[in-house]
Amino acid sequence: MTYVQRVQIEYCTQCRWLPRAAWLAQELLTTFEAELDELSLKPGTGGVFVVRVNDEVIWDRREQGFPEPTAVKRLVRDRVAPERSLGHSDRDADGPAI
């Protein structure tokens, strides 16, 4: 049985965060074009900006602030392709690849 890999980005329409959500979606689709089966943008309200992988919340703006794409890429990779290197996105704060 093959498991479908889905990412959902829920964003606040009242806050006009569609461009931010679309940009993050583009980054994820470019990086994980072979691993993801689906990526959706879900309009929401009330300041929501949440990233989910297979219904698991991996980033919530209310708790963590707005994400840097590299942080989200690492979290998505850990769930959909843990063996995959992200190259420069795998570097920690000190610079060496992890």
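Along the sequence shown, residues are numbered consecutively beginning with 1.
- Here the CD atom belonging to E27 is positioned 9.5 Å from the OG1 atom belonging to T70, to the nearest 0.5 angstrom.
- Here the shortest heavy-atom pairing between G87 and S85 reads N-OG, 3.1 Å.
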After noting the C-alpha distance and the side-chain angles of R20 and I9, does the key distance pass the side-chain contact (heavy atoms from CB on, under 4.5 Å) rule? CA-CA 10 Å; R20 184 184 297 259; I9 302 170; over 6 Å; no

Walk me through it: do N54 and Q5 pass the test side-chain contact (heavy atoms from CB on, under 4.5 Å)? CA-CA 6 Å; N54 301 321; Q5 301 293 343; 2.9 Å; yes

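- Rounded to the nearest 0.5 angstrom, R74 CZ and E68 CD are separated by 10.0 Å.
- Under a cut-off of 6.0 angstrom, the local environment of CD in Q64 is crowded, with over 12 non-hydrogen atoms contributed by other residues, nucleotides or ligands.
- Between atom CD of residue E38 and atom CG of residue L29 there is a gap of 10.5 Å, rounded to the nearest 0.5 Å.
- At a threshold of 4.5 Å between non-hydrogen side-chain atoms, the residues L24 and F49 count as touching.
- Counting all heavy atoms, side chain and backbone alike, E10 lies closest to G44 at OE2-CA, 4.2 Å.
- Taking both residues in full, the closest heavy atoms of G65 and W59 are given as O-NE1, 2.7 Å, listed atom of the first, atom of the second, then distance.
- Taking all atoms of both residues into account, the shortest heavy-atom contact from L41 to A25 is CD2-CB, 4.0 Å.
- Distance alone, capped at 3.5 Å, places no donor-acceptor pair between the Q14 side chain and the G47 backbone.
- Of the possible polar contacts, one joining the R77 side chain to the R84 backbone as a donor-acceptor pair under 3.5 Å is found.
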Are V53 and V80 close enough, and set up right, to give a side-chain contact (heavy atoms from CB on, under 4.5 Å), and what steps lead you there? CA-CA 8 Å; V53 176; V80 303; 4.0 Å; yes

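- Residues F66 and Y11 share a single hydrophobic cluster, defined by chaining ILVMFWY side chains whose heavy atoms lie under 4.5 Å apart.
- Contact of the L28 side chain with the K73 side chain is registered, since non-hydrogen atoms from C-beta on lie closer than 4.5 Å.
- For the atom pair L36 CG and R6 CZ, the distance stands at 11.5 Å (nearest 0.5 Å).
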Which is it for T13 and L18 under the side-chain contact (heavy atoms from CB on, under 4.5 Å) test, yes or no, and what are the steps along the way? CA-CA 7 Å; T13 57; L18 173 58; over 6 Å; no

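- For the atom pair L39 CG and Q26 CD, the distance stands at 11.0 Å (nearest 0.5 Å).
- Rounded to the nearest 0.5 Å, atoms CG (L86) and CZ (F32) are 5.0 Å apart.
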